[in-house]
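Everything below concerns the one structure shown next.
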Amino acid sequence: MGRVYNFSAGPAVLPIEVLKEAQEEMLDYRGCGMSVMEMSHRGKVYDGIIKEAEADLREVMGIPDNYKVLFLQGGAHQQFSAVPMNLSKNGKAAYIVTGQWAKRAYQEAKKYTDAVCVASSEDKTFSYIPDCSDLDIPEDADYVYICENNTIYGTKFWELPNTKGHELVADVSSCFLSEPIDVTRYGVIYGGVQKNVGPAGVVIAIIREDLITDDVLPCTPTMLKWKTQADNDSLYNTPPCYGIYICGKVFKWIKAQGGLTAMKERNEKKAAILYEYLDSTDFYKGTVAKKDRSIMNVPFVIGDKELEAKFVKEAEANGLIGLKGHRSVGGMRASIYNAMSYEGVEALIAFMKKFEAENA
Ligand SMILES: *Cc1c(COP(=O)(O)O)cnc(C)c1O
């Protein structure tokens with residue numbers, strides 16, 4: 001069997017060029033006689049790999065010098081705890097709850113700080129982004145927290161909240177490197193890479209230097225203290241070496257494609273044809289408010305559980321995999337990350353049309 005079109009939410013599709021290069025280097029990385037998996041993270045060769053990965057990410061995102069880039073483990077979930085542990089000074093934080101991941105982060109933060117929910121879209125199954133232009137944010141809040149792209153529900157903050165001068169912390173797991181962003185608008189940007197950037201096992205955190213201090217909650221484990229990692233260039237202990245190496249290749253791939261501007265253009269084009277089709281038929285329905293639609297995760301329903309199960313099964317038989325929706329939304333979800341080709345989305349739409357014709 002050849003390669004399928006993989007619409008999985010994560011771990012997810014990676015660029016074929018990256019996989020092939022990794023394959024070529026698998027047994028003998030550039031003449032050093034071993035795989036990247038087998039080499040010391042303290043050696044010269046690996047030092048080159050991680051430094052180059054960081055340099056390329058800085059270039060791709062335009063990360064200013066006063067921000068640190070950390071390559072961490074523990075998934076996005078680990079940062080749900082690390083954020084309040086590292087940022088709590090006044091013992092207060094504001095959370096905007098737009099989905100399951102933001103809700104988990106909020107609930108975790110409550111263990112360590114007085115976290116308050118300042119906006120939520122739970123009343124309508126997280127199908128929209130609440131108006132965040134004038135929120136009631138406690139004046140002494142240490143930060144305002146968002147999940148920028150809601151992987152499960154398919155919504156995206158197209159406008160960042162008005163934090164009223166407070167630090168913005170964003171989980172960008174499922175929109176990482178999907179478009180250019182202005183890093184300076186954030187205090188902390190972090191994401192698990194397994195959605196849009198690389199293999200599971202790596203979390204990248206981009207943190208403004210003045211937020212990385214020894215003044216953390218006393219309960220903070222050494223490993224969750226950002227300063228531990230920052231002082232040691234992400235090599236305090238053994239990092240997820242191989243995953244970082246693959247991320248480095250993805251950064252180079254993005255550069256070769258024309259950078260984040262090109263990514264955004266491509267992603268918008270893919271999303272546009274899919275949404276256009278969804279809007280043109282009554283058979284399928286998009287589940288979120290139009291103005292808040294994500295260009296990474298596109299959920300849709302038929303409204304008949306049996307037909308939806310049939311859709312997922314037949315799609316799979318046609319080489320379109322990972323389309324089953326999250327259990328909290330039901331229906332289907334197409335994740336169309338950077339590495340999903342335009343042809344892949346066209347193939348999905350062609351299948352949807354055929355399925356509609358046969359089952360409407
Ligand atoms: C997948 C996802 C998570 C959870 O990531 P883990 O690495 O499994 O902890 C958190 N936030 C967002 C936005 C996600 O898409």
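These figures come from a predicted structure and were not determined experimentally. In listed order, ligands and their atoms are each counted from 1. Just the heavy atoms: all of them, side chains too, but no hydrogens, waters or symmetry mates, feed the values below.
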Residue, atom name and distance, where the atom is the protein heavy atom closest to atom 7 (O) of ligand 1: Gln194 NE2, 2.8 Å
Lys252 and Glu52 ion-paired at < 4.0 Å: yes
Atom 2 (C) of ligand 1: the protein heavy-atom neighbour that sits closest, reported with distance to 0.1 Å: Lys195 NZ, 2.4 Å
Side chains of Tyr153 and Val329 in contact at under 4.5 Å (non-hydrogen atoms): yes
Sole residue of Tyr5, Phe311, Tyr284 in ring-ring contact (aromatic ring centres under 6.0 Å, His included) with Phe351: Phe311
Ligand 1 to Asn149 polar contact by distance, N or O atoms, under 3.5 Å: no
Nearest protein heavy atom with distance in Å, relative to atom 5 (O) of ligand 1: Ala76 CB, 3.5 Å
Ser173 neighbourhood, listing ligand 1 atoms whose heavy-atom distance to it stays under 4.0 Å: 11 (N), 12 (C), 13 (C), 14 (C), 15 (O)
Gly74-ligand 1 polar pair, N/O distance under 3.5 Å: no
Same cluster (ILVMFWY, side-chain, under 4.5 Å), Tyr95 and Ile152: yes
Worked check of ring pair (Phe, Tyr, Trp, His ring centres under 6.0 Å) between Tyr245 and Tyr29: CA-CA 11 Å; Tyr245 154 77; Tyr29 178 75; 5.8 Å; yes
Glu356 side chain to Thr281 side chain, donor-acceptor N/O pair below 3.5 angstrom: yes
Member of Lys110, Arg104, Lys111 meeting the salt bridge (charged side-chain N to carboxylate O under 4.0 Å, His left out) criterion with Glu108: Lys111
Numbered atoms and elements of ligand 1 in range of Gly75, under 4.0 angstrom, heavy atoms: 7 (O), 9 (O)
Top protein contact for atom 11 (N) of ligand 1, by heavy-atom distance: Asp171 OD2, 2.6 Å
Test item: Ser35 and Leu27 side chains (from C-beta on) under 4.5 Å apart, heavy atoms: no
Contact atoms of ligand 1, heavy-atom distance to Thr151 under 4.0 Å: 12 (C), 13 (C), 14 (C), 15 (O)
Nearest-neighbour protein heavy atom for atom 9 (O) of ligand 1, which is reported as residue plus atom name and distance: His77 ND1, 2.5 Å
contact_flag Gly10 ligand 1 heavy-atom lt 4.0 Å: no
Distance filter under 4.0 Å to Cys147 heavy atoms, resulting ligand 1 atoms: 13 (C)
